[in-house]
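Report on one structure; see the data block that follows.
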Amino acid sequence: MSQMLQMFQQAGAAQFSAMIGQVAPYFASIAPQMVELRPGYAEVHFAKRREVLNHIGTVHAIALCNAAELAAGSMTDASIAPGCRWIPKGMTVQYLAKADGDVRTVADGSEVDWSRTGDIKVPVMAYVGDKPVFSAEITMYVSQA
């Protein structure tokens, strides 16, 4: 079991969410709440608040990217084979609609072959309520540690 998944299970969602900003300080900028983490799935929420807004009063594109990378990275860590490591290599994003409320970000890797190494494409979607507002494909480079 990955250290990240073990930390999530032992500490619980609230405590894990507080700790993640200590491990990777930039994630703290969106005040994320890791709602669920398991192999093949991660869900991160963050509130629409002044610190994540752009000039038109909607959630800034980079805040959405930040949540996507947190969800995809955490899920990748929980999903890869023992003895492997990962690093994000690239991200392609699409802004589908204005993010005008609290954001729910989902990395669903249920269709990904986690047994292999090399470039792995991780799909991520972000929603405000049921409305899709953002999609991303994050390329993770997975290798033997």
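Quantities reported herein were computed from a predicted structural model and do not represent experimental measurements.
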Residue list, side-chain contact (heavy atoms from CB on, under 4.5 Å) with [X], at least two apart or on another chain:
X      : value
Met125 : Leu96, Tyr127, Pro132, Ser135
Val23  : none
Asp130 : none
Ser79  : Pro39, Met75, Trp114

Show your reasoning for whether side-chain contact (heavy atoms from CB on, under 4.5 Å) applies to Ile120 and Thr139. CA-CA 6 Å; Ile120 294 179; Thr139 302; over 6 Å; no

Co-membership, hydrophobic cluster, residues [X] and [Y], 4.5 Å side-chain:
X     : Y     : result
Phe27 : Leu53 : no
Met91 : Val52 : yes
Val35 : Ile30 : no

Looking only at heavy atoms, which two atoms of [X] and [Y] are closest? And how far apart?
X     : Y      : result
Pro32 : Val44  : CB-CG1, 3.8 Å
Ala99 : Val128 : CA-CG2, 3.9 Å
Ala11 : Met19  : CB-CE, 3.7 Å
Ala42 : Met34  : CB-SD, 4.4 Å

Chi angles and distances behind the side-chain contact (heavy atoms from CB on, under 4.5 Å) call for Val103, Leu64: CA-CA 8 Å; Val103 176; Leu64 294 165; 3.9 Å; yes

Just how far is it from atom [atom1] of [X] to atom [atom2] of [Y], taken to the nearest 0.5 Å?
X      : Y      : atom1 : atom2 : value
Asp77  : Leu5   : CG    : CG    : 8.5 Å
Ser74  : Met7   : OG    : CE    : 8.0 Å
Ile80  : Thr117 : CD1   : OG1   : 10.5 Å
Asp113 : Lys121 : CG    : NZ    : 15.0 Å
Thr92  : Ile138 : OG1   : CD1   : 9.5 Å
Phe8   : Leu37  : CZ    : CG    : 5.5 Å

Run the ring pair (Phe, Tyr, Trp, His ring centres under 6.0 Å) test against Tyr95 and tell me which residues pass, sequence neighbours left out. Phe134

Listed by chain and number, what are the ring pair (Phe, Tyr, Trp, His ring centres under 6.0 Å) partners of Tyr41, not counting sequence neighbours? none

Under a 4.5 Å cut-off applied to non-hydrogen side-chain atoms, are [X] and [Y] in contact?
X      : Y      : value
Cys84  : Trp86  : no
Met140 : Thr76  : yes
Phe46  : Asp102 : no
Glu137 : Pro123 : no

Pairs in or reaching into residues 57-72: which pass salt bridge (Lys or Arg N to Asp or Glu O under 4.0 Å), with residues at least two apart or in two chains? none

Considering only residues two or more places apart or on different chains, which pairs with a residue in residues 50-67 satisfy salt bridge (Lys or Arg N to Asp or Glu O under 4.0 Å)? Arg49-Glu51

Under the salt bridge (charged side-chain N to carboxylate O under 4.0 Å, His left out) rule, collect the residues that match up with [X], sequence neighbours excluded.
X      : result
Lys89  : Asp119
Asp100 : Lys131
Arg38  : Glu36

With side-chain contact (heavy atoms from CB on, under 4.5 Å) as the criterion, how do Val124 and Val106 come out once you've worked through the C-alpha distance, each side chain's angles and the decisive distance to 0.1 Å? CA-CA 6 Å; Val124 183; Val106 175; over 6 Å; no

Residue pairs passing the side chain to side chain donor-acceptor pair (under 3.5 Å) test with at least one member in residues 10-34, sequence neighbours excluded, are Ser29-Asn66

Derivation and outcome, side-chain contact (heavy atoms from CB on, under 4.5 Å), residues Met1 and Gln9: CA-CA 11 Å; Met1 174 185 308; Gln9 290 176 344; 3.2 Å; yes

